[in-house]
Trainee: 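Quick one: structure below, then a few questions.
Each residue takes its place number in the sequence, starting with 1.
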Amino acid sequence: MVFCGHFSAGKSTIINSLVGDAVLPTSPIPTSANVVKLYRNTVPTVTIYQKNQQPVQIEKDYDSSEVQAFCKNGKQIEQLEIGLPDLDIPNHTMFMDTPGVDSTDDQHRKMTNRMLHLSDRIFYVADYNHVLSQVNLQFLSSLNNENVPVVLIINQVDKHNEEELPFKQFKQKLTEHLADFSINIERIFYTSMKYERHPHNQIEELKTYVDEKIYSHNTLNLPGKLNSLIAEHEKWLQEELEAKLAYSEEVLESYTKDDLQAIIESFEKWKTKK
């Protein structure tokens with residue numbers, strides 16, 4: 001289960017709610033600066049992947065504030081794997097929190113894209129006020145190329161002002177924009193982690209949905225991911241071929257007809273001798 005979206009959209013807070021533990025750091029300012037993987041383990045375990053170094057594994061009770069500081073350290077640490085015995089998820093499931101898609105760090109974007117290839121379901125978390133931003137719509141559109149079901153979570157729905165725009169019209173407007181960009185979404189959930197009893201808060205529905213998918217035998221999306229990787233590799237091969245052909249044409253254009261004729265004759269003589 002991969003979670004992505006803008007910085008400060010609320011990914012970490014939502015994941016904490018879904019796994020039943022405040023593992024990830026939460027703040028109004030950008031927090032998770034690297035990929036953080038959460039899974040259930042018999043003993044508390046933290047594996048730290050630092051740049052250009054061997055992974056370091058800690059198997060003991062650790063200070064949660066220290067681990068949360070690791071999550072914020074995107075300069076030295078690329079990835080964290082956190083295993084806890086009390087997480088409210090089965091053993092075969094892993095939740096992944098990724099850096100914001102609007103990060104200016106190219107390495108962050110590459111890490112997020114790498115995680116998308118490993119996902120069986122993608123959860124895109126958007127701030128209510130920015131859900132229709134160009135960055136969100138473009139990234140959501142690109143997710144369709146992954147051949148993985150995409151769930152859109154519109155967080156901070158408590159910012160909605162019914163007097164300015166009826167909620168029903170907001171939902172209709174969102175549906176129309178997604179259709180305009182040919183974006184396929186499996187489900188849309190509206191959440192508020194600030195006001196649990198907000199009338200539009202669907203966090204409980206989201207939890208039910210996640211549980212259903214986790215325990216479903218049809219959750220794995222291996223064929224779709226393989227097709228996506230094959231298509232991406234074919235595209236890369238085509239681009240490589242086109243680049244080589246373009247270079248060959250440039251080389252050929254630098255020769256005169258007499259030069260080319262001489263080359264052909266030399267080649268024919270070489271074949272005869274061979």
Trainee: Using the side chain to side chain contact (heavy atoms under 4.5 Å, CB included) definition, which of the options Ile15, Val2, Ile14 pairs with Asp97?
Mentor: Ile15

Trainee: Could you tell me the separation between the CG atom of Leu178 and the CG atom of Asn184, rounded to the nearest 0.5 Å?
Mentor: 9.5 Å

Trainee: Is there a donor-acceptor contact under 3.5 Å from the side chain of Ser119 to the main chain of Ile122?
Mentor: no

Trainee: In Å, rounded to the nearest 0.5 Å, how long is the span from NE2 of His177 to CG of Leu140?
Mentor: 12.5 Å

Trainee: Just wondering, more than 12 heavy atoms not from Glu242 lying within 6.0 Å of its CD?
Mentor: yes

Trainee: Taking all non-hydrogen atoms of both residues, which atom of Lys194 and which atom of Asp158 are closest, and how far apart?
Mentor: CB-OD2, 4.2 Å

Trainee: Whether the side chain of Asn155 engages the backbone of Ala9 through a donor-acceptor N/O pair (distance < 3.5 Å, no angle test) should be reported.
Mentor: yes

Trainee: Please report the interatomic distance NZ(Lys37) to CD(Glu81), rounded to the nearest 0.5 Å.
Mentor: 5.0 Å

Trainee: Which atom names give the shortest non-hydrogen contact between Asn91 and Arg40, and what distance separates them?
Mentor: OD1-CD, 3.6 Å

Trainee: How long is the straight-line distance from CE of Met96 back to CG of Leu80, given to the nearest 0.5 Å?
Mentor: 13.5 Å

Trainee: Looking at residues at least two apart in the chain, or sitting in another chain, which of them share a side-chain hydrogen bond (donor to acceptor under 3.5 Å, both in side chains) with Asp88?
Mentor: none

Trainee: Under the salt bridge (charged side-chain N to carboxylate O under 4.0 Å, His left out) rule, collect the residues that match up with Lys159, sequence neighbours excluded.
Mentor: Asp127

Trainee: Output the distance between atom CD (Gln202) and atom OH (Tyr209), rounded to the nearest 0.5 Å.
Mentor: 13.0 Å

Trainee: Does Asn16 use its side chain to pair, donor to acceptor, with the backbone of Leu24 at less than 3.5 Å?
Mentor: yes

Trainee: Walk me through it: do Tyr39 and Thr93 pass the test side-chain contact (heavy atoms from CB on, under 4.5 Å)?
Mentor: CA-CA 7 Å; Tyr39 65 98; Thr93 301; over 6 Å; no

Trainee: State, yes or no, whether a side-chain contact exists between Val150 and Val148 at a heavy-atom distance under 4.5 Å.
Mentor: no

Trainee: Between Ser142 (side chain only) and Phe139 (backbone N and O only), is there a donor and an acceptor less than 3.5 Å apart?
Mentor: yes

Trainee: Just wondering, are more than 12 heavy atoms of other shown residues or ligands nearer than 6.0 Å to CD in Glu268?
Mentor: yes

Trainee: Output the distance between atom CD (Glu205) and atom OG1 (Thr208), rounded to the nearest 0.5 Å.
Mentor: 7.0 Å

Trainee: Got a sec, which residues hit ring pair (Phe, Tyr, Trp, His ring centres under 6.0 Å) with His198, two or more places apart in sequence or on another chain?
Mentor: His200

Trainee: Regarding Lys173 and Glu176, does a basic nitrogen lie under 4.0 Å from an acidic carboxylate oxygen?
Mentor: no

Trainee: Applying the ring-ring contact (aromatic ring centres under 6.0 Å, His included) criterion to Tyr128, which one of Phe170, Phe167, Tyr190 satisfies it?
Mentor: Phe170

Trainee: Group every Ile, Leu, Val, Met, Phe, Trp and Tyr by side-chain heavy-atom contacts under 4.5 Å, then state whether Tyr215 and Val210 land in the same group.
Mentor: yes

Trainee: If every non-hydrogen atom of Phe189 is compared with every non-hydrogen atom of Val151, which pair is closest and at what distance?
Mentor: CD1-CG1, 3.7 Å

Trainee: What is the minimum heavy-atom distance between Met193 and Ser17, and which atoms define it?
Mentor: CE-CB, 3.6 Å

Trainee: Decide side chain to side chain donor-acceptor pair (under 3.5 Å) for Asn201 and Thr191; before the verdict, give the C-alpha distance in whole Å, the side-chain angles of both, and the deciding distance to 0.1 Å.
Mentor: CA-CA 4 Å; Asn201 189 13; Thr191 60; 5.1 Å; no

Trainee: Specify the closest pair of heavy atoms between Ile214 and Ile89, including all atoms of both residues, with the distance to one decimal.
Mentor: CD1-CG2, 4.5 Å

Trainee: Can you give me the closest heavy-atom contact between Asn144 and Ser182, atom names plus distance?
Mentor: OD1-O, 3.2 Å

Trainee: Main chain of Leu137, side chain of Ser141: is a donor-acceptor contact present, judged purely on distance under 3.5 Å?
Mentor: no

